Amino acid sequence: MGTPEFAVAILDVLVKNTNVVLVVTQPDKIGNRGKISCCEVKKYAVDKKIEVFQPVRIKEEYQEILKYKPDIIVTCAYGQILPKELIFAPFYKTINVHGSILPKYRGGAPIQRAIINGDDVTGITIMKTDTGMDNGDILYQEKIDILDSDTYDSLASKMSILGAKCLIKVLPSIFDSSIESRKQDSSFVTFANIIKKEDEIIDFNLTAKEVVNKIRGLSSNPGAYAMLDNERVKIYFARIGDVTSNRCGEIIRVGKEGIVVAACDREVIITDIGMPNKKRMSVLDMLNGYKKDLVGKVFNL
RNA sequence: CGCGGGAUAGAGCAGUCUGGUAGCUCGUUGGGCUCAUAACCCAAAGGUCAUAGGUUCAAAUCCUUUUCCCGCAA
């Protein structure tokens with residue numbers, strides 16, 4: 001059971017190593033700009049001709065899943081809380097693949113929060129699913145470094161592969177019951193709340209490091225943004241400059257290196273941008289067609 | 001049929017209102033200058049103006065069709 005791109009590699013490894021009888025995922029989104037969009041996991045499942053079930057409310061429709069008599073349920077970023085009648089029904093119960101070193105970053109956006117908070121390491125946890133939010137016993141963990149060049153996209157894709165590797169390592173010992181689990185240390189629990197609209201705006205009154213981390217953690221979807229001339233400009237990638245500056249939000253200069261904006265301590269150099277109604281492009285490309293002078297303008301909240 | 005923006009050279013854009021030779025900035029290629037260069041100078045290549053139809057002597061431009069892309073709202 002899973003939904004986004006992150007879960008596809010996990011599903012892929014299951015399909016290749018086990019007998020996947022049913023894929024459960026979130027319902028298709030309807031009416032999005034007149035189109036029906038379905039999630040990455042469903043696309044994969046349809047491509048592999050595996051049965052797909054998309055309950056609107058899993059709490060009410062879980063019995064449909066039990067008809068398939070699963071030996072084990074594996075979840076990964078599914079997006080709904082599972083009822084205990086479902087979690088504990090399979091012989092090997094239910095396990096979850098989570099994108100952090102639990103008990104740190106329980107919740108829906110662990111990868112984004114790790115980057116935004118400036119962590120230099122995160123990882124994958126394979127755990128028993130329990131009735132609470134990511135609070136089950138830990139079966140296996142593996143760490144991964146967060147590089148300065150990582151964005152949410154690049155880190156999620158690496159972690160997705162790592163998650164699949166971890167899962168394959170753990171499955172045999174679950175099936176022969178040799179695996180040991182340990183409880184999460186409740187004194188170290190933190191939460192990674194899902195990204196809300198107000199989390200996406202960039203505050204240039206913070207330090208350059210904080211600004212850049214937010215940009216990286218949200219790139220490329222949904223993307224961090226700042227307001228310029230009352231319009232929403234998305235910023236997909238930026239790096240910390242060497243020069244000290246405290247003119248929070250002001251555009252200092254513009255050139256081949258990028259758009260240079262001041263934070264509260266240093267400059268931030270923007271290199272990938274999305275202008276209003278435009279798609280993502282490099283600043284170099286954007287400046288080629290942009291006629292107005294940007295220097296001196298200020299990004300505000 | 002949720003609201004709005006868009007499709008013009010490899011990239012980013014102007015031109016559309018007011019129909020009349022296809023433009024700009026970059027990139028690419030060739031040449032020049034230089035101890036040298038990502039710098040500067042010169043030149044060249046590269047577009048069926050998204051699709052289909054209509055109006056017109058003449059359509060990137062005006063009218064209608066279809067497709068695709070993007071932002072917002074959900």
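Source: prediction; values computed, not measured. Chain A is the first sequence line, chain B the second, and so forth, proteins listed ahead of strands; every chain is numbered from 1.
One can place CG of A:L287 at 10 Å from C1' of B:U25, the figure rounded to the nearest angstrom. To the nearest angstrom, P of B:C72 lies 14 Å from CE of A:M275. Note: NZ (A:K278) to P (B:C72) measures 15 Å, nearest angstrom. In this structure, A:K256 places its NZ atom 18 Å from P of B:G12, rounding to the nearest Å. Residue A:Y225 contributes atom OH, which lies 13 Å from atom C1' of B:A73 at whole-angstrom precision. One can place CG of A:D28 at 16 Å from C1' of B:A74, the figure rounded to the nearest angstrom. Distance, A:E257 CD to B:A39 P: 15 Å, rounded to whole Å. Counting to the nearest Å, the P atom of B:G12 and the CG atom of A:L284 are 12 Å from each other.
Of the P atoms belonging to B:U65 and B:G19, the separation is 23 Å, rounded to the nearest Å. Taking the C1' atoms as reference points, B:G54 lies 29 Å from B:C70, given to the whole Å. For the C1' atoms, the distance from B:U21 to B:G31 is 29 Å, rounded to whole Å. Using P as the reference atom, B:C57 and B:A43 are 41 Å apart when rounded to the nearest Å. Nucleotides B:A59 and B:G20 have their C1' atoms positioned 10 Å apart, rounded to a whole Å. Rounded to the nearest Å, the gap between the P atom of B:C1 and that of B:G71 is 24 Å. Taking atom P on both nucleotides, B:U25 is separated from B:U67 by 38 Å, rounded to a whole Å. Atom name P, nucleotides B:A11 and B:A50: the rounded distance is 14 Å, in whole Å.
Nearest-nucleotide positions on RNA chain B place A:G289 closer to the 5' end than the other of A:K234 and A:G289. Nearest-nucleotide assignment on RNA chain B puts the 5′-proximal partner with A:M281, out of A:M281 and A:K197.
Checked for salt-bridge contact, A:D12 and A:K16 meet the test: a charged N lies under 4.0 Å from a carboxylate O. Using a 4.0 Å cut-off between a side-chain N of Lys or Arg and a carboxylate O of Asp or Glu, A:D229 and A:K292 do not qualify as a salt bridge.
Although no hydrogens or angles enter the test, the distance criterion places a donor-acceptor pair under 3.5 Å between the side chain of A:T3 and the main chain of A:Y78. Remark: the backbone N or O of A:Y105 is paired with a side-chain donor or acceptor of A:H98 at under 3.5 angstrom.
Nearest approach of A:L287 to A:G255, heavy atoms of both residues: CD1-O, 3.8 Å. Shortest non-hydrogen contact noted between A:E267 and A:S245 is CG-CB, 4.0 Å.
Ring geometry for A:F204 versus A:F299: interplanar angle under 30°, hence parallel rather than tilted (30 to 60°).
Here the OH atom belonging to A:Y92 is positioned 7.0 Å from the CG atom belonging to A:D71, to the nearest 0.5 angstrom.
Each of B:A39, B:A11, B:G71 was ranked by its minimum atom distance to the side chain of A:N288; first place goes to B:A11. Among the nucleotides B:C24, B:G4, B:C69, the one closest to any side-chain atom of A:K279 is B:C69. Here the nucleotide nearest the side chain of A:R232, chosen from B:A73, B:G27, B:G12, is B:A73.
Note on A:D285: only backbone sugar-phosphate atoms sit closer than 4.0 angstrom, heavy atoms only; bases stay farther off.
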Reading RNA chain B 5' to 3', how would its secondary structure be written in dot-bracket notation, given Watson-Crick and G-U pairs with both distances under 3.5 Å, brackets [ ] for crossing pairs and | for partners on other strands? .(((((((.[[[[.)....(..]]]].(((((.......))))).....[.[[[..)....]]].]))))))..

